[in-house]
Amino acid sequence: MAAPPHRPLLILLAGLLVVASVATLAEAIYEDQVGLADWHQKYIGKVKQAVYHSQKSGRRRVVVLTEENVISSLDLRSGDIFWRHVIDKNDPLDQLSLSLGKYVLTLSSGGTILRAWNLPDGQMIWETNLQTSTASNPQLHVMSNNKVAKDNLVLVSAGRWIYAVSSIDGSISWEKEFSLDGIEIKQVLQSPENGIVYAVGIAGSSKLALYHLSAKTGEVLKDIQESFPGELSGEIVLGSDNVLVALNKARSSLFLIEFNSGRISYNKVHVSDLVQDLSGTFKLQSLSNGVIALQTPSTVSLLKLKNTDGLEVVQRFDQPAALSDALTIAEKDEAFAIVQHMGSQIEFVVKFTSDASSAMIREKVNIDQHRGNVEKVFLNSYIRTDKSHGFRALVVMEDHSLLLIQQGEVVWSREDGLASIVDVTTSELPVEKDGVSVADVEHNLFEWLKGHMLKLKGTLMLANADEVAAIQALRLKSSEKNKMTRDHNGFRKLLIVLTKAGKVIALHTGDGRIIWSNLLPSLRASRFGVMPSALRIYQWQVPHHSVMRENPSVLVVGKSGAESSAPGVFSILDSYSGEELNAMRLDHSVVQIIPLTLKDLSEQRLHLIVDSNSNAHLYPKSPDALDVFLHEMPNLYFYSVDILTNVIRGYSLQKSCNIEGDEYCFSTKELWSIIFPSDSERIAISETRKMNEVVHTQAKTIGDHDVMYKYLSKNLVFVATVSPKAAGDIGSALPEEASLVAYLIDAVTGRVLHRVTHHGAQGPVHAVLSENWVVYHYFNLRAHRFEMAVIEIYDQSRADNKDVMKLILGKHNLSAPITSYARPEVVVKSQSYFFTHSVKAMAVTQTAKGITSKQLLIGTISDQVLALDKRYLDPRRSANPTQQEKEEGIIPLTDSLPIIPQSFVTHSHQVEALRGIVSIPAKLESTTLVFTYGVDLFYTQLAPSRTYDSLTDEFSYALLLITIAVLVAAIIVTWIWSEKKELRDKWR
Amino acid sequence: MAPPRRALLALAALLLLSLSLAAAAFHSDELLLNDDEEFEGLGARPASPSPPAAPAVSSSRRRSADAASAGAGESNAVQFALEHDLGDGKGFVPAGTFSARLKTSAHGTQTLTKLRFTRNELTDDEKDAFKKLLQEDGFYTIRLPSNVLDPTRKDNVVSSIKVRCIPRDSLDEHIVIHMDGVNILAVNYGSVGGCQYPRPMKFPSKWTFSSYTILKTAEQAPRTPSFVDQLLEADNGLGEVIKPPEKSFWAKYWMYIIPLGLIVMNAVTAAANIPEEQAAGQGQPGAQRAPAAAARRR
């Protein structure tokens, strides 16, 4: 009687246990989960200046200044970052120097801000603001061996000013403004005599002025001026102790200017007499002791001064080469380095200025092919074990990477091109091939067993601290997530990034390692000094059905030159190997790139490139692509946003353009235009939906069982304009002058679906458009706070589809084709909320099927990413929601959006100088992959509605197994019991 | 008794409304749309004859009334042209005229009111071009100057539609003009009804335009709600406590009732089984066995 009911009870109990173990899912992650699914990489950018610690300090460190406005201290042994400061883009760093062996001095903002940083830990010691005129090229000069003043003075020259600043506390000891008309100080030199400083300036274009200043007080001791025939270019270097070398404006001749006590004499030398076939721009570099280098993009010539009589060529390098500054080695002897390209190697040559024709060190270093030319060299010396001088050098390559070369080897390298990512796309990994068994991976049985024992200990909570660490390491290494094959959940992908240098790099999402990299030859600077720029990267071929065997490929579009009419560059790369499959130099410019949803027979995506003549060019140029395209052409429209003229225009495509015989070229016809009055509105931002966004449901069921149909048009464009006065920084306009107008526009017909004015609001505006809503962020001048507003747009024309009878009888219009030419009846709901942070970037999570609720990813001013539920930005929130609304999940209205510390996606990390957030759907519906880039990179997985479709990593399989075992045992025991009882009953 | 009275009331209201309208000399052919501000629909009229008398009278009367209050003269009447392109290579040609009145508000901002639109009649050439356009399913494009006061500025806002969307009985068009002061930001040109896809070719029976025009200006965004006062109130205990709405008995206790019901049903069926069992096993030694055990043996 008692036995059978045991079983369902037990099953219920076991089920409860399982549910309980699953239910302990956390919203934020725990401390020990950091780094399991996410990675963070720190970069600094392309180095433009570097100073080494003095040898006496004993620390092997170098301080660098980069083009990403980063100042950083690097370990010379490993290349690791000791400390790093990312300075705001509005405050560009110009100069870097060391003082007293313990301060790093930086000059920024055109010579107006001088800062000192502590060398060991990078803390700021002091900051001084200097009042200078607008200066193009501020100079920083740290006085050495100054016996006059107790503390070392730092001389800052900018425009017509010279400041002397104490390097101990940053106080200004003297300042001097030169009154000569239009003078700009070019050089500040320390005279060999004590207490005298020379300042060399150029006034106008032909007048050279030389001032002798007292180092103690700054008063002018002597003042010499000299006019030159012809104009000076402003480029002026010190040849030797008392000879200046200046370049004239036509860049055809050099002036050798000798200044002796109170007298200036000069001599003119034609460049063409020295160096033949000199083309393009060139620059001068002084190497002291009378050696001067003349650099062009492809050659370097070393010149030697023969007093002031002339110059002679010592040596000429015809390969692209880079030259370091002179480095004082011993009394009066200085060394410099030249690095030049020799095929797959680079040659590292160190010379002394006293004997420039012979080389002291000549080493050949093997180097990765995909690094391009050498751009900069920073030489450093050290004492070898045999007490002789050894040399090492930091080398900056064309792809912005940084290498340390010593003893003919690359000691370390940093891939700092990743600090300047331009665009990101993703690629699937190859499908796992048959025949790769587990045994290959886990070849060592003992290791394998040990690992599993450790894991078992961990799950049973028997492990001590060391073992926990070992488990953590094992988890990280275990490699499920780092495999080079596609996984079931779609977590493993390749992130293919395009950097500013024109390098394409593929990163593995598992741990962020570089799978391949390729510096595109078509995007490299040519000999003629034309600077190509990389624009965008797109998926070119994503193989599916018929071409399953082929590798996917990506398309990189660039243009060869800065101006808009520069011809475009096309490059197609294999996503798995990085090989360049095809490179094209287009015969038209690239103004707009439109990836189409169409594909040709070989699954190549069709792309339209619009040139500056408003002609559209179709790629790939294959007949079947043309067939597919022509079939869809009447339904293709595109639009362009012209920020300069404040106009948005829509176009359709027409049969052929004026170019004869080019059937892949189409002319365009302007269909609509919206002209914003330039005296009251200026386009701040335009945003569209992501092309690959998936929307799961067209309708939204609200609390009272009513249905609202979302207006889901792929052609929706959000445009925000601000009043011109309010286009500047916050505070530059009064609330009465500022306004922000938000538009929702249909891009096919140019119809303005909604238009709303926010008075007293100003930019910067950030916006994100997804499904049927747009969220935008701006500053409210009246409330002195940032605001986020949401607009949701619903389709009213389908609102009467709620009748079930109609649905059954097929009289609804849900399946009727929707055309943009029909007048839409839309209803708009909007609401705005205060938000504490200012925003650097905004994105929205994307999932595979669009079922999972959305989160906004907000890059905050502190360079972190905040995940904010879209539910908080629901326009239907009200102060006292009804019961029905509460059931629907509407949060009571608050005036500001909550910032929950646990919802920072980046947890403790900062993605310095955050620029972009990309969300990539995984195959698993609940999960999305988030990649954030700036100077740093950060990657993580997010589950906006928690992982409802998979078990988490923390799922206790042991507990499940134990439960099952107990259950089985219980079943057996109860069965035996019941059998016995039955037997007993039978015998009764 | 009630419905007829309501109908009577409604009729009376309608009458009153029409009377008041008549008194203000408004037209009766207004298009009643809920989202527009200033509109007046006018059918296409021949361009050559002078404009019909009634609107002219009304406008002049209004003008004089306005002039008395604002002190402005005739200068604040504005006219601007609508041009269209029939895709016949001739480019944009005038196709109609908008006339409106410029109202200067106290702040000095100028807005347009009383917009009227007169369409030129299509010439035979234009009809042919229109037919050709219909056959090839081309675009019918219109444009307006971007500033109504300064027609010398060469900026034009453009709008197009697939021409096959327009013809119904006559040529029906719907023009929405988005204004910002005296600037025309955008014009949206469309058909009056929907436009089905695929678009069938259909010639209109009447070659006249019936036009509906709407002027739109920007909406004001509502102020962001601020709850600082309410929060203070709540702190002081002044905020009234909202009682949760009463739930029905079923809504409260369904989770208890359903299992109870199941158990009762189970018991009933078990009870029904016991007599049956007893009846079947009468006279046998195992008659007093538990029913469940018996069930298993079966």
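Since we're looking at a predicted model, the values are computed, not measured. Side chains are part of it too, since the values below use all heavy atoms of this structure and drop only hydrogens, waters and symmetry mates. Lettering of chains follows the sequences in order, A, B, ..., and the numbering in each one begins at 1.
- The stretch residues 178-187 of chain B places His178(B), Met179(B), Asp180(B), Asn183(B), Ile184(B), Leu185(B), Ala186(B) near chain A, each with some heavy atom under 4.5 Å from a heavy atom of that chain.
- Separation of atoms NE2 (His758(A)) and CD (Glu219(B)) is listed at 10.5 Å; rounding is to 0.5 Å.
- Heavy-atom pairs under 4.5 Å with chain B peak, among Thr757(A), Leu671(A), Thr894(A), at Leu671(A).
- In this structure, chain B has heavy atoms under 4.5 Å from both the backbone and the side chain of Phe834(A).
- Looking only at distances, no side-chain donor or acceptor of Asn188(B) sits under 3.5 Å from a matching main-chain atom of Thr749(A).
- If you take NE2 on His754(A) and NZ on Lys216(B), they are separated by 10.0 Å, rounding to the nearest 0.5 Å.
- Other residues, nucleotides and ligands contribute more than 12 heavy atoms inside 6.0 Å of the CE atom of Met255(B).
- Rounding to the nearest 0.5 Å gives a distance of 8.0 Å between CD of Glu670(A) and OG of Ser160(B).
- Other residues, nucleotides and ligands contribute only 12 or fewer heavy atoms inside 6.0 Å of the NZ atom of Lys980(A).
- In this structure, Pro222(B) and Ser832(A) approach most closely via the heavy-atom pair O-OG, 4.2 Å.
- Contact annotation for Ser680(A): only side-chain heavy atoms (C-beta onward) come within less than 4.5 Å of a heavy atom of chain B.
- Interface residue His759(A): only side-chain heavy atoms are found under 4.5 Å from chain B.
- Of all residues spanning residues 134-146 of chain B, those with a heavy atom less than 4.5 Å away from chain A's heavy atoms are Phe139(B), Thr141(B), Ser146(B), arranged by number.
- When all heavy atoms of Tyr637(A) and Lys162(B) are compared, the closest pair comes out as OH-CE, 3.7 Å.
- Thr882(A) pairs by the side-chain contact (heavy atoms from CB on, under 4.5 Å) definition with Gln884(A), Glu885(A), not counting sequence neighbours.
- With hydrogens and angles disregarded, a donor-acceptor distance shorter than 3.5 Å links the side chain of Ser673(A) to the backbone of Asn156(B).
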If you look only at distance, which donor and acceptor atoms sit under 3.5 Å apart when one is on a side chain in residues 734-744 of chain A and the other is two or more places apart or in another chain?
| from | atom 1 | to | atom 2 | distance (Å) |
| --- | --- | --- | --- | --- |
| Glu737(A) | OE1 | Leu734(A) | N | 3.1 |
| Tyr743(A) | OH | Glu681(A) | OE1 | 2.7 |
| Tyr743(A) | OH | Glu681(A) | OE2 | 3.3 |

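- Residue Leu893(A) touches chain B through both its backbone and its side chain, counting heavy-atom pairs closer than 4.5 Å.
- Heavy atoms closer than 4.5 Å to chain B are found in the side chain of Asp679(A), but not in its backbone.
- For Arg782(A), the CZ atom sits in a packed shell: over 12 heavy atoms of surrounding residues, nucleotides or ligands are nearer than 6.0 Å.
- Interface remark: Asn646(A) contributes no atoms to any contact with chain B (heavy atom separation under 4.5 Å).
- Among Ile675(A), Ile745(A), Ile674(A), the residue with the largest count of heavy-atom pairs under 4.5 Å with chain B is Ile675(A).
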